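These notes concern the structure reproduced below.
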Amino acid sequence: MDIGKMYINGEWILAKEQGTREIINPANGEVIKVVTEATEKDVEEAVMSARRAFDSGLWSQLKPEVRATFLLKIAEEIEKSKEELAQLETINNGKPLGEALSDVETAADAFRYYAGLTRTAFGETFDSSLDSMVVKQAVGVCALIVPWNFPLQMAAWKLAPCLAAGNVAVFKPAETTPLTAIKLFEIFEKVQLPKGVCNLVLGSGQAIGDLMTSHRGVNKISFTGGTETGKKVMTNALQTMKKVTLELGGKSPIVVFPDTDLEKTAEYIMFASFLGAGQICSAGSRLIVHESISAELTSILIKHTKKIVVGNGLDNSVQMGPIASIQHMNKVLGMVEKAREDGAILLTGGHRITKAPLDKGSFIEPTIFMVEDNDIEIVQEEVFGPVLVIQTFREEEEAVQLANSTKYGLAGAVFTKDFSRAIRMSKNICSGTVWINKYHSVNNQLPWGGFNQSGFGRDLGKDAFNEYLETKVIQMNLSNDALGFYDSFI
Ligand code: NAD
């Protein structure tokens, strides 16, 4: 088996210390690839390669339309490799093929969207008497770090605006899901992205994350991952005052009022909670339902949740894949166990699936709890698995209070036919996104990010583009007059 390599300074290379990692298919436990595993020496080389590329101006000084052409070619090549990329994502992350295909399309669209924005890094000029202008320019070397739940899509969400704005990158996928990133870098090579502009390092966050986020040669960090890791990243970045974007965890509420169609709403709730086996930062993991409809909605949810087809994502009939690794599955099962100890009432699911052939993979039943105590771990902490907790409310203010009662603030949803209430609730829920009568819709044009401990800064939209740009004021002296400040010159 060929060892998967890193891409540094336009060359495919093995890690200097020859470490390797087995990449596992979570649907059956099989080794699908062995990849090289970086140490800090490799990160040093990648940052230096990026630094040289940025300082030479070979990318930042290209005309925006030329950079845009590269991004458009990348989008085209992603689309040409759509099936292969989706298959790789499914065997590496476990998500059903249909979800993987949608990720690939989103990734291609991100490169296309930011190709358009390359030409919009507008500065400002002022009244002619000021002889001044404000210009936008690339920030420099960006360390981009992503998790394992949307390996390709997250790569595109970071690399596309980074490159569009004229920056260069050192990119690190999650150590367990590097396969689509390797393929994406093959595409970069194919479209002849200049050497050193995009560098791929493969390795664990524990081993190389600190250096990536503290290296003096790095100007900006864009990180997506867990809140605790985000805090470490921020601490590292502090020493050299890097610009930081953090997209972190969530515990998103779904508030349901009695005036909704319960069957339709139930389907959205299941989609919110169980898409991606719940391994989505914005998963709707807390259902806050009016007490008058709680029993009926709960029984609809239980009935349909039991029918979710769980299995290998390559099988077209499958609606929910495995948990992305055995380690993570054990963490989720531990939180389920703790929830029971804490008094949460298990309504359905709650176990590993041990029936062959799923016993070889890391599969968990979609799980629903009813809870009364808002302070227990299963309500307050992100599970990042297919686990929904149900709470009830009487008054709208109580629903708002419950919705805003965790440390997170990534997303949320409200289901009601009352327009005024929908808008009022949207304003009152503290999160970066609020969906009304829908869930999980994301568009590359719309800024994505969180309030509170879900992070700060934004991926996507013009906001992300602007985060990869510095603002510079240039003031000019157009006269030949002496300054006249020191008497001795007069
Ligand atoms: P994680 O924080 O363990 O890892 C994320 C990435 O950070 C990986 O590439 C990992 O190798 C790296 N990393 C680990 N330790 C590091 C360190 N000390 N310094 C630098 N990098 C380090 O998260 P995960 O388990 O891979 O992903 C799940 C988390 O990601 C969840 O909390 C989820 O909510 C969050 N997430 C957030 C968003 C969002 O848009 N807000 C999107 C997807 C996932």
Side-chain angles (χ1 to χ4, degrees), residues 21 26 35 37-38 40 43 92-93 95 103 106 143-158 170-178 181 200-215 218 221-238 242 244-252 275-285 323-325 327-332 335 381-385 406-412 431-433 440 442 444 446-461 463-464:
R21 174 182 292 268
V35 299
E37 177 92 347
E40 291 195 339
V43 172
N92 194 175
N93 162 282
K95 65 178 66 189
D103 291 1
T106 305
L144 309 177
I145 302 176
V146 300
W148 43 258
N149 63 337
F150 285 92
L152 180 69
Q153 187 176 303
M154 293 285 152
W157 281 15
K158 302 226 181 275
V170 176
F171 175 79
K172 191 189 97 54
E175 50 271 38
T176 50
T177 54
L200 171 70
V201 290
L202 304 175
S204 87
Q206 274 164 3
I208 60 172
D210 277 351
L211 184 59
M212 278 187 79
T213 52
S214 61
H215 198 296
V218 170
I221 299 166
S222 183
F223 171 84
T224 298
T227 293
E228 289 313 308
T229 321
K231 288 177 187 171
K232 285 188 201 153
V233 167
M234 202 169 154
T235 309
N236 283 340
L238 196 69
K242 300 183 196 315
V244 181
T245 300
L246 295 177
E247 300 292 347
L248 308 176
K251 191 77 191 175
S252 301
L275 184 77
Q279 303 163 108
I280 299 186
C281 49
S282 52
S285 49
I323 301 297
S325 68
Q327 293 78 356
H328 188 55
M329 177 190 72
N330 289 334
K331 185 179 165 222
V332 174
M335 289 184 82
E381 295 298 330
E382 183 182 46
V383 178
F384 221 54
T406 73
K407 66 185 176 200
Y408 299 106
L410 187 59
S431 60
T433 293
H440 275 324
V442 173
N444 289 328
L446 303 174
W448 178 258
F451 286 17
N452 303 329
Q453 291 191 39
S454 289
F456 51 79
R458 292 292 179 265
D459 274 343
L460 302 185
D463 291 51

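The analysis underlying the following values was restricted to heavy atoms, covering all of them including side chains, and did not include hydrogens, waters or symmetry mates. Quick caveat: nothing in here was measured; it's all calculated off a predicted structure. Start at 1 and go down the list; that is how both ligands and their atoms are numbered.
- For atom 23 (O) of ligand 1, the closest non-hydrogen atom of the protein is G226 N, 3.4 Å.
- Scanning the protein for heavy atoms near atom 11 (O) of ligand 1, the closest one is E175 OE1, 2.6 Å.
- In this structure, the protein non-hydrogen atom closest to atom 24 (P) of ligand 1 is W148 NE1, 3.5 Å.
- For the residues G449, G205, G432, the heavy atom positioned nearest atom 22 (C) of ligand 1 is part of G205.
- With distances taken over non-hydrogen atoms, the option nearest atom 41 (N) of ligand 1 out of V233, D459, L248 is L248.
- Contacts with ligand 1 closer than 4.0 Å are made by backbone heavy atoms (N, CA, C, O) of P173 only, the side chain lying farther away.
- When only non-hydrogen protein atoms are considered, atom 36 (N) of ligand 1 lies nearest to C281 CB, 3.5 Å.
- Distances from atom 16 (C) of ligand 1 to the heavy atoms of N236, I221, T229 put T229 nearest.
- Heavy-atom distances between M212 and ligand 1 stay at or above 4.0 Å for every pair.
- Distance alone, capped at 3.5 Å, places no donor-acceptor pair between the K172 side chain and the G209 backbone.
- Residue-to-ligand polar distances keep N149 apart from ligand 1: every N/O pair is separated by 3.5 Å or more.
- No donor-acceptor distance shorter than 3.5 angstrom exists from the side chain of N93 to the backbone of A324, with no hydrogens or angles considered.
- Between K232 and ligand 1, not a single N/O pair is under 3.5 Å apart.
- The main-chain N or O of N149 is never found under 3.5 Å from a side-chain atom of Q279 such that the two would form a donor-acceptor pair.
- Ranking the protein heavy atoms by distance from atom 20 (C) of ligand 1 puts G209 CA, 3.3 Å first.
- Checked against a 3.5 angstrom limit, the closest N/O atoms of K172 and ligand 1 fall inside it.
- The closest protein non-hydrogen atom to atom 8 (C) of ligand 1 is V146 O, 3.4 Å.
- K407 has a carboxylate O that lies under 4.0 Å from a charged side-chain N of E381, or vice versa, which qualifies the two as a salt bridge.
- In this structure, the side chains of W448 and S282 come closer than 4.5 Å at one or more pairs of heavy atoms.
- For the pair S454 (side chain) and G249 (backbone), a donor-acceptor distance under 3.5 Å is present.
- Closest to atom 12 (C) of ligand 1 among all protein heavy atoms lies I145 CG2, 3.7 Å.
- Residue M154 has at least one heavy-atom neighbour below 4.0 Å for each of these atoms of ligand 1: 42 (C), 43 (C).
- By heavy-atom distance, the residue among W448, F384, Y408 lying nearest atom 33 (C) of ligand 1 is F384.
- Using a 4.0 Å cut-off between charged side-chain N and carboxylate O, E37 and R21 make a salt bridge.
- Atom 26 (O) of ligand 1 is approached by the protein to below 4.0 angstrom, counting heavy atoms only.
- Using a 4.0 Å heavy-atom cutoff, F223 is listed among the residues neighbouring ligand 1.
- Counting only distance, with no hydrogens or angles, the side chain of K242 and the backbone of H215 share a donor-acceptor pair below 3.5 Å.
- Under 4.0 angstrom from ligand 1, there are no non-hydrogen atoms of E228.
- Of all heavy-atom pairs between V218 and M212, the closest is CG2-O, 3.7 Å.
- Under the 3.5 Å distance criterion, with hydrogens and angles disregarded, a donor-acceptor pair is assigned to the side chains of T213 and N236.
- Considering only non-hydrogen atoms, atom 5 (C) of ligand 1 lies nearest to T224 out of T224, T213, I208.
- Nearest-residue assignment for atom 35 (C) of ligand 1 (options G249, A324, G225; heavy-atom criterion): G225.
- The cationic atom of K95 (NZ for Lys, CZ for Arg) lies less than 6.0 Å from the six-membered ring centre of F150 and within 45° of the ring axis.
- Of the polar atoms of E382, at least one N or O is found under 3.5 Å from an N or O of ligand 1, judged by distance alone.
- Residue L410 has at least one heavy-atom neighbour below 4.0 Å for each of these atoms of ligand 1: 41 (N).
- With a 6.0 Å radius and a threshold of 12 heavy atoms from other residues, nucleotides or ligands, M335 has its CE atom above the threshold.
- Using a distance-only test at 3.5 Å, with no hydrogens or angles considered, no donor-acceptor pair links the side chain of Q453 to the main chain of T227.
- The backbone N or O of G461 lies less than 3.5 Å from no partner atom in the side chain of N444, so there is not a single donor-acceptor pair.
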